[in-house]
There are 2 protein chains.
Amino acid sequence: MREKTERVIREWTDSCDAEVSIAVLGGAWKPSILSLLARHGVLRFGELGRLLDNPTARVLTRQLRELEQDGLVVRTVYQQVPPKVEYRLSELGESAGPLVEALTQWGGQYAAQQRAGLTAAPVG
Amino acid sequence: MREKTERVIREWTDSCDAEVSIAVLGGAWKPSILSLLARHGVLRFGELGRLLDNPTARVLTRQLRELEQDGLVVRTVYQQVPPKVEYRLSELGESAGPLVEALTQWGGQYAAQQRAGLTAAPVG
DNA sequence: CGGCATCCTCGTTGATACTG
DNA sequence: CAGTATCAACGAGGATGCCG
């Protein structure tokens with residue numbers, strides 16, 4: 001797994017398990033990547049890029065590598081020209097589905113409420 | 001709410017609501033702070049510091065301010081000497097309880113599984 | 001097509017010292 | 001007690017360009 005994830009895991013015995021989840025799921029695009037893979041099953045690198053908001057290849061690569069190192073996604077390289085690389089969820093990745101869903105729901109409610117609050121009583 | 005949170009909320013309409021949750025809950029100590037406040041009800045600044053692993057005052061202050069700006073905690077200042085400041089969850093903060101719990105559970109399972117894997121087949 | 005190498009910017013974390 | 005001010009270190013995210 002990634003060094004960051006490993007460090008977070010090593011440094012805690014107590015209640016901070018939530019930080020482990022955030023270390024694993026907390027990167028840019030990661031929840032979206034997991035959601036997309038859950039919905040589509042298998043996706044190629046370019047497909048993921050288009051379904052997201054076209055992050056730079058460097059960034060998308062990085063997120064996918066981290067998810068792979070943390071054991072959530074499986075990367076399959078087809079040795080051919082032009083190259084073809086497929087990504088899918090591992091069992092561990094699938095186990096994160098409900099959690100990502102919970103994050104999405106609460107985040108959506110929160111965002112909606114904040115937007116309503118801002119409209120009713122603008123702060124900025 | 002914080003600029004970071006606001007930006008995340010502004011920049012998404014679609015599936016990335018999960019990133020909103022992570023923007024709000026993702027800071028250092030934040031899940032632990034929310035858990036502690038959920039368990040204890042009301043805590044003073046110093047009590048929080050001791051219950052956590054004694055983060056520097058600057059860091060703890062920052063996390064609490066962000067949680068306050070994001071509407072999850074309520075800060076009460078007693079004008080007296082010596083100073084006394086109390087923190088408690090807002091309704092919004094309480095609504096995050098199940099989510100923090102879900103993060104904790106998945107993170108705990110993940111960490112346990114990774115530790116077992118590391119023991120069985122050390123990587124480092 | 002699916003990357004990697006390089007460079008840069010910014011935010012977050014944190015140590016240390018000081019204050020009302 | 002509950003902070004603030006200052007400074008340093010680090011990593012994530014991103015732009016750009018090249019490659020097999």
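Throughout, a chain's letter reflects where its sequence line sits, starting with A, and its residues are numbered from 1.
A28(B) comes within contact range of the sugar-phosphate backbone alone, with a heavy-atom separation under 4.0 Å but no base atom that close. Looking at heavy-atom distances under 4.0 Å, G49(B) makes no contact with the nucleic acid at all. Among the atoms of the strands shown, only primed sugar atoms or phosphate atoms (P, OP1, OP2) are found under 4.0 Å from some heavy atom of V85(B). Among the atoms of the strands shown, only primed sugar atoms or phosphate atoms (P, OP1, OP2) are found under 4.0 Å from some heavy atom of Y87(B).
The backbone N or O of D70(A) sits less than 3.5 Å from a side-chain atom of Y110(B), completing a donor-acceptor pair. Here the side chain of S90(A) pairs a donor or acceptor atom with the backbone of G71(A) at under 3.5 angstrom.
The salt bridge (charged side-chain N to carboxylate O under 4.0 Å, His left out) analysis of residues 83-105 of chain B, with sequence neighbours excluded, yields the pairs K84(B)-E86(B).
Checked for salt-bridge contact, E66(B) and K30(B) meet the test: a charged N lies under 4.0 Å from a carboxylate O.
Contacts of E68(B) classified as salt bridge (charged side-chain N to carboxylate O under 4.0 Å, His left out), with partners at least two apart in sequence or in another chain: none.
Proximity of W29(B) to the phosphate of dG14(C): a side-chain N or O atom is located under 4.0 Å from OP1 or OP2.
With a 4.5 Å cut-off on side-chain heavy atoms, L60(B) and F45(B) count as touching.
Heavy-atom distances to DNA chain C give each of R58(A) and R75(A) a nearest nucleotide, and the one nearer the 5′ end belongs to R75(A).
Listed by residue number, R62(A), Q63(A) are the residues of residues 60-74 of chain A with a heavy-atom contact under 4.0 Å to DNA chain D.
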